[in-house]
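First up is the structure itself, then whatever we jot down about it.
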Amino acid sequence: MAKLIAGMGTSHVPGLGAAMDNGKTQEPYWKQLFEGLEPLRAWHRANTPDVNIIVYNDHATEFSLDSYSTFTVGVGENFEPADEGWGPRQVPSMSGYPDLAWHIVESAMAEEFDLAVHASMDLDHGFTVPLSIAYGQPKEWPAAVVPVCVNVIQHPLPTALRCYKLGQAIGRAVASFPEQINVGIWGTGGLSHQLGGERVGVVNPEFDQKFLDNLSRDPLANTRISHTEFMREAGCEGVEMIMWNVMRGALEDDVDEVFRLYHIPVSATAYGAIILENK
Amino acid sequence: MILTDLRGRYQFGFGRFMERDYDDIPGTYPLDSRTYRKGYHVNMFLMSLNDAECRDKFAEDEQAYLDTFRMTEDQKSAVLDRRFLDLLKLGANVYYAFKLISFDRQPPQVMYGQMAEPRLTFDEFQQMMIDGGRPIDGNRSVEEWKDG
Ligand SMILES: [Fe+2]
């Protein structure tokens, strides 16, 4: 059977990808952050799974006001980096893992999660930046991916609890997948940030650190936060943090926190990353 | 009879006239069913800039390209003048507005600074973030903004 080895949470700020793509990681603005990410990258080198389930959101790239599903699983063989307004990032295309993707869809649907499927969605910074954070700039990505897209930008959004429950269903699906493979799961987006309006630039380190503490030791506490509380306390776009609940829900109740990084700023965002290992 | 009742409830119970418990968060414009309807065409224009061919058409003649969308004149002039805060007030969402600042090959901090209260230059916005960002205290509700 497949084994879920660990979960990672990371922000997916486009500026981080651009810093790597344009060779700016040694500049004063970025240096400290990328040094802080070294242990995370070392962990990934030592713990590369066969496939990563990556929970992300689309930013007006494939999904729009015309058509938006709450949860969408990428079931394609291959995914390309998206043109989201400035040309696609020059990063490798991403190999899907349709057997696992379909197994997750079938297993979760049987538990009454009505998931949409998509075979050819291009993947924007919400997806490709976490890959670059974990694996740097390889010629090919070292693991296949199963994209899970969550609507966190067009209200009404799924609740924080619903996201956690979906994660639990994904965890059960992985546990019943018959291949002997190792699987990782990533939650992306956040932490506190607001990109629009007069209040742009608001961040909340106390809220973020509490969220990270809870993720480690009391994950149900993070399922009781309303969208309004996220938006008020962590900025309008801080609500992306509900995607980390999907990752956490898939893991066991007791986990080992083996890495945490918190850094302000990345562009207008409080950057956070965490790695939680199943025991 | 039942149909009328349902339609009424949709419009006046859940829809675009209902107040939301996040309406008192200051300077914040979430994309919900109210902004969705107000901003549909301007957001679809912004999203079209994902496409290189559309970017070329827009670059060639901004006004002519905008005229192919069913946007209001206010929305069009806010796009032409790059008045980003006005765009949000007219229904655009910031994830979509991103496409326009990218089209201009400007860093997003230029757009952020322009929307901020008070207005900030690129350098000033960058410095505010390096200094720890805008604090949450005093910025949770419009009540706090009224007190100055
Ligand atoms: Fe995002």
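Every chain is numbered from 1 and lettered A, B, ... according to where its sequence line falls, protein lines coming before strand lines. Remember, predicted model here, so these are calculated numbers, not experimental data.
- Within a 6.0 Å radius of CD in A/E206, other residues, nucleotides and ligands contribute 12 heavy atoms or fewer.
- With rounding to the nearest 0.5 Å, the separation of CG in B/N43 from CG in A/D66 is 11.0 Å.
- Rounding to the nearest 0.5 Å gives a distance of 6.0 Å between CG of A/L195 and OH of B/Y95.
- A distance-only check finds no donor-acceptor pair linking the side chain of B/R134 to the backbone of A/G201 [under 3.5 Å].
- Atoms CD and CG, on A/Q154 and B/L31 in that order, are 5.0 Å from each other to the nearest 0.5 Å.
- Between chain A and the options B/Q126, B/M128, B/R119, B/M44, the largest number of non-hydrogen pairs under 4.5 Å is found for B/M44.
- Heavy atoms of A/Y29 lying under 4.5 Å from chain B belong exclusively to its side chain.
- Using a 4.5 Å heavy-atom threshold, the side chains of A/S64 and B/Y96 count as touching.
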Counting only pairs under 3.5 Å, give me each side-chain donor-acceptor contact of residues 74-81 of chain A, with atom names and distances, residues two or more places apart or in other chains.
| from | atom 1 | to | atom 2 | distance (Å) |
| --- | --- | --- | --- | --- |
| A/N78 | ND2 | A/E80 | OE2 | 2.9 |

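- Considering every non-hydrogen atom in both A/I264 and B/G133, the closest pair reads CG2-N, 4.5 Å.
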For B/Y22 and A/E229: C-alpha separation, side-chain torsions, deciding distance, then whether side-chain hydrogen bond (donor to acceptor under 3.5 Å, both in side chains) applies. CA-CA 8 Å; B/Y22 49 78; A/E229 190 179 348; over 6 Å; no
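- Summarising the geometry, atom OG belonging to B/S33 is positioned 10.5 Å from atom NE2 belonging to A/H155; distances are rounded to the nearest 0.5 Å.
- Within the model, atoms CD1 of B/I25 and CE of A/M231 stand 5.0 Å from one another, a figure rounded to the nearest 0.5 Å.
- Side chains of B/W145 and A/E198 form a contact here, defined as non-hydrogen atoms less than 4.5 Å apart.
- In this structure, chain A has a heavy atom under 4.5 Å from the backbone of B/P135, while its side chain stays farther away.
- Below 4.5 Å, heavy atoms of chain A meet heavy atoms from B/L85, B/L88, B/K89, all part of residues 67-93 of chain B.
- For a residue to count as touching a neighbouring chain, one of its non-hydrogen atoms must lie under 4.5 Å from one of that chain's; by this rule B/R55 touches chain A with the side chain only.
- Counting heavy atoms from C-beta on, the side chains of A/S267 and B/M129 never come closer than 4.5 Å.
- Contact residues of residues 54-63 of chain A toward chain B are A/H59, A/A60, A/T61, A/E62, A/F63 (heavy-atom distance under 4.5 Å).
- Side-chain contact between B/F98 and A/W86: present, with at least one pair of heavy atoms (C-beta onward) separated by less than 4.5 Å.
- Across B/D131, B/D32, B/N139, the residue that shares the most heavy-atom pairs under 4.5 angstrom with chain A is B/N139.
- The shortest distance between side-chain heavy atoms of B/V94 and A/Q194 does not fall below 4.5 Å.
- Around the CD atom of A/E38, the shell of radius 6.0 Å holds more than 12 heavy atoms that belong to other residues, nucleotides or ligands.
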Audit row: A/V202, B/R140, side-chain contact (heavy atoms from CB on, under 4.5 Å) steps and yes/no: CA-CA 10 Å; A/V202 79; B/R140 287 184 173 88; over 6 Å; no
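- By a heavy-atom distance cut of under 4.5 Å, B/P108, B/Q109, B/Y112, B/M115, B/A116, B/E117 are the residues of residues 108-118 of chain B near chain A, going up by number.
- Interface remark: of the candidates A/V203, A/T269, A/V266, A/V203 forms the most heavy-atom pairs closer than 4.5 Å to chain B.
- Put simply, the side chain of B/I130 reaches to within 4.5 Å of the side chain of A/P265, judged on heavy atoms.
- Salt-bridge check for A/D83 with B/K99: failed, with every basic side-chain N at 4.0 Å or more from each acidic carboxylate O.
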